[in-house]
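Every number for a ligand or one of its atoms is a count from 1 in the order of the listing.
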Amino acid sequence: MNPILEKIFECVEFGKINLAANFPPQMKGQPGADEYTKEALDSGITPSDIMNEALIPAMNKVGQKFTENKIFVPQMLLSAKAMNAAMEHLKPFFKSGEVKRKGTFILGTVFGDLHDIGKNLVGMMVEGAGWEVIDLGIDVKTEKFVETLQQHPNAIVGISALLTTTMVNMEPVIKAIKEMSPATKVIVGGAPLSQEFASSIGADGYGKDPQASIQWLDSVVA
Ligand code: B1M
């Protein structure tokens, strides 16, 4: 692999955001994902190669390590931040259509629920895996999901819930989505959920964690 791409991979894997960042200690004083991505673009490496050879594989590795309990939420957040720093340089190329996304993912925490840490992690990781993410935030009403889907008819919808009292709110959201657009796929996730619960409310997928969600999303568009 190109040495600059290797550096970007390493920065995302270990959460080195930029030169000023003190974490991780062994990379203190070194450039981060921010500087290396700019350097890569300046040296003529294409945005697609940065995305497909460095960012996506690095985030895959991070997601895998999280699933295996080798790293925890703080490390994954720093990796996501490093990835975001790199993405800032790539966004203009996405907007111009030079780099293609795998699809659009509409994501939100179900109405009644204000928890967003897990949802944000899923959003960042899915974006890092090459998807366009439309994050509707927390306490998202059924109408908002439906309205956003009308604007992005080919999108996949993701709903998060952290409370046993709000996970039941996912069912009417899914029902409304399916009534409007039966072909739309919906994935749900959040600590109190299970595959069994997801199936019982009509969801197409269940994401135990970001990595499982990405694998499911990729399988839908494969
Ligand atoms: Co709340 N809270 N909270 N809380 N809170 C829990 C969830 C709770 C388990 C704590 C406890 O009692 N032990 C409990 C729920 C009990 C239950 O339902 N059985 C609880 C409660 C009761 C409450 C309040 C009702 C408390 C009160 O006011 N009396 C209240 C409710 C407010 C509301 O939502 N209406 C409340 C409020 C809050 C804060 C605002 C203070 C804060 C949220 C801040 C924020 O999110 N910005 C908060 C927090 C931080 C927590 C805990 C401590 C941590 C949650 C978290 O962020 N986990 C939590 C206890 C705990 O989990 N230890 C708790 C880390 C996060 C990375 O994990 O969200 O599970 P998680 O996400 C994972 C996976 O689930 C998955 O991927 C992520 C990464 O692996 N995932 C998805 C998540 N969404 C996904 C979507 C997908 C796919 C995968 O596809 C779409």
Below 4.0 angstrom from a heavy atom of Gly158, which ligand 1 atoms are there? Numbered from 1 as shown, please.
91 (C)
What atoms of ligand 1 come closer than 4.0 angstrom to any heavy atom of Lys208?
74 (C), 76 (C)
Linked hydrophobic residues, Phe14 as query - side chain contacts closer than 4.5 Å:
Met27
If you measure from each heavy atom of Gly190 to ligand 1, is any distance below 4.0 Å?
yes
Does Phe66 come within less than 4.0 angstrom of ligand 1, counting non-hydrogen atoms of the residue?
yes
What do we get for Leu121 next to ligand 1 when only non-hydrogen atoms under 4.0 Å count, side chain, backbone, both or neither?
side chain
The single option from Val173, Ile174, Val157 passing side-chain contact (heavy atoms from CB on, under 4.5 Å) against Val188:
Ile174
Is it the case that more than 12 heavy atoms not belonging to Lys144 sit under 6.0 Å from its NZ atom?
no
Sorted by chain and number, protein N/O/S atoms nearer to atom 1 (Co) of ligand 1 than 2.8 Å are His115 NE2
Ligand 1 to Ala191, heavy atom cutoff 4.0 Å, flagged ligand atoms 70 (O), 75 (O)
Is there a donor-acceptor contact under 3.5 Å from the side chain of Ser48 to the main chain of Val99?
no
With heavy-atom distances below 4.0 Å as the criterion, list the atoms of ligand 1 near Val73.
67 (C)
Between Glu132 and Thr104, a side-chain donor and acceptor under 3.5 Å
yes
The atoms of ligand 1 lying under 4.0 Å from a heavy atom of Ile187, numbered in the order shown, are 91 (C)
Identify, by atom number and element, the atoms of ligand 1 in contact range of Gly189, meaning under 4.0 Å from any of its heavy atoms.
82 (C), 84 (N), 85 (C), 86 (C), 87 (C), 88 (C), 89 (C), 90 (O)
Where ligand 1 meets Asp113 - atom numbers and elements under 4.0 angstrom, heavy-atom basis:
34 (O)
State whether the number of non-hydrogen atoms from other residues, nucleotides or ligands found under 6.0 Å of Lys178 atom NZ is greater than 12.
yes
When you check the side-chain N and O atoms of Gln195 and Ser199, is any donor under 3.5 Å from an acceptor?
yes
List every atom of ligand 1 that sits less than 4.0 Å from any heavy atom of Val122, numbering the atoms from 1 in the order shown and giving each element.
77 (O), 81 (N), 82 (C), 85 (C), 88 (C), 89 (C)
Ligand 1 N/O within reach of Thr165 N/O, cut-off under 3.5 Å
no
Yes or no: does Ile159 have any heavy atom under 4.0 Å from an atom of ligand 1?
yes
Quick one, Asp34 with Lys16, criterion salt bridge (charged side-chain N to carboxylate O under 4.0 Å, His left out). Give me CA distance, side-chain angles, the key distance, then yes/no.
CA-CA 9 Å; Asp34 180 13; Lys16 176 71 174 164; over 6 Å; no
Can you tell me if Gln64 and Glu68 form a side-chain donor-acceptor pair at under 3.5 Å?
yes
